[in-house]
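Order of listing sets the numbers, starting from 1, for every ligand and every atom in it.
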Amino acid sequence: MGTPLQLAPGVGATVGLSDRVLGIEPSGIRRIFELMATMRDPINLSIGQPHYDPPPELVEAACRAIRDGKNRYTVTQGLPELNQLVLDQVAARHGSRPETCLLTAGVSGGLVLAFQCLLNPGDEILLPDPGFMMYRHLATLCGAVVRSYDTYPRASGKRFAIDLAEVERQITPRTKIVFVNSPSNPTGAVATRAEIEGLCALANRAGAYVVSDEIYDFFCYADDYASPVRYADRCIQLGGFSKTYGIPGWRMGYATGPLAVLDAMKTLQQFSFVCAPAPFQYALLEAMPHIDLSPRFVEYQHKRDLIAARLHPAYGLAAPEGSFYAFPELPRDAKGERVDGKRFLDAALAKNLLIVPGKSFSAQDTHFRLSFAADDATLHRGLAVLAELAEAFRA
Ligand code: PMP
């Protein structure tokens, strides 16, 4: 075994780490990964990636690209034909064509570039709560001030929603970015068209950018999917291939938006990531137009239906509308008190079940994240353990 990649608390400052990096706490999910390594046959409902392998034709195209010598850098923005293909797909889906496209090292790469190019120290960014933890840390690295808009349901069993009055309250003259993530990690909510249109109108009025993380756009079970691309005056859309194609390790994503901002992101990419991985750009360009992922979509829709129908009612879950996550409530004990996240996580671990506490995504400790990116047998086992836990806490 090598040395674990984690310093003891307080050691960072003594070895001279920057203040900027000392301000970042390690991900709450890290503890779960560490625990998982010690467990035999865990029921793992904590996973943030699809459980399927990439389509064989995509794998073949990637192997061919490597064998055919497509191993050098591409131009910074990525292959022009792939840029155009992405823009064509965005225009076909949303009825609006962004000015330009940059291929990035995953959506993570796009987030780093977008935040670095837009946020000055002291600028404010408005993030959803709960939300994917990377946003907050990347914004903090830029010296930005993080504010949040609460999307928690008003009552048990209701959906997570964007409350426009709440967004309006949180916007100030310093707001530079209003951030949207639909479908959401961790809640599984898909913002309605009215929510997206209203949020964009507020951002437009404030002269703010809307940065939209659409990495789960393939996994949308709602009838309608609205993107800020259509409604925001200044939109940076971040999209990805990791989840859709089952290739999170390939590090492929894209950003679209106005030329002036994308040009700055391209310059920064030149001096950081250089380009998105070349052979995978060629592979996606070649194979993507011929791949039919609809069986995967149907499969995940069934998984969503299974969770929504079978999760014990004590968890107060509204059916997730997208992504492959549900964000149920922590159950209540015999006295009617909500069980805290740590106690629930420990009880789940004692039964070999891995979930992620909601506190990893939120200021609030009232919910937990359950991923349904797992085979059906694992989902059934997980549902059974969750039912046992709900009953045990209530007894
Ligand atoms: N955004 C969200 C909401 C995510 O859940 C993830 C991955 N867990 C990412 C961005 C990053 O994805 P990638 O860098 O693989 O494209």
Residues [X] and [Y] bridged, charged N to O under 4.0 Å:
X: Arg159; Y: Glu195; answer: yes
X: Glu214; Y: Arg93; answer: no
X: Lys342; Y: Asp365; answer: no

ask   = Within 45° of the ring axis of Phe372 and under 6.0 Å from its six-membered ring centre, is that where the NZ or CZ of Lys303 lies?
value = no

Using a heavy-atom cut-off of under 4.0 Å, does the side chain or the backbone of [X] touch ligand 1, or both, or neither?
X: Tyr135; result: side chain
X: Asn181; result: side chain
X: Gln49; result: neither
X: Lys243; result: side chain

query = Touching ligand 1 at all, Arg251? Heavy atoms, strictly under 4.0 Å?
reply = yes

message = Working note: Phe324 + Tyr216, criterion ring-ring contact (aromatic ring centres under 6.0 Å, His included); need CA distance, chi angles, decisive distance, verdict.
response = CA-CA 8 Å; Phe324 36 72; Tyr216 295 102; 5.3 Å; yes

Side-chain touch Leu389/Pro331, heavy atoms, less than 4.5 angstrom =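 The answer is no; the side chains never approach within 4.5 Å.
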
Could you check [atom] against the protein and tell me its nearest heavy-atom contact, residue, atom and distance included?
atom: atom 16 (O) of ligand 1; result: Val107 N, 2.7 Å
atom: atom 12 (O) of ligand 1; result: Ile215 CD1, 3.1 Å
atom: atom 1 (N) of ligand 1; result: Asp213 OD2, 2.5 Å
atom: atom 9 (C) of ligand 1; result: Phe132 CE2, 3.5 Å
atom: atom 5 (O) of ligand 1; result: Tyr216 OH, 2.6 Å
atom: atom 11 (C) of ligand 1; result: Ser108 OG, 3.3 Å

query = Which atoms of ligand 1 sit under 4.0 Å from any heavy atom of Ser242?
reply =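 Under 4.0 Å from Ser242, ligand 1 has these atoms: 13 (P), 15 (O), 16 (O).
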
query = Counting each atom of ligand 1 from 1 as listed, which ones have a heavy atom of Gly106 under 4.0 Å away?
reply = 14 (O), 16 (O)

message = Please confirm whether the ring centroid of Phe280 lies under 6.0 Å from the ring centroid of Phe241.
response =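 No, ring centres 6.0 Å or more apart.
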
Exceeds 12 heavy-atom contacts within 6.0 angstrom, atom CG of Asp68 = yes

message = So, applying ring-ring contact (aromatic ring centres under 6.0 Å, His included) with His367, which one of Phe344, Phe361, Phe160 is it?
response = Phe160

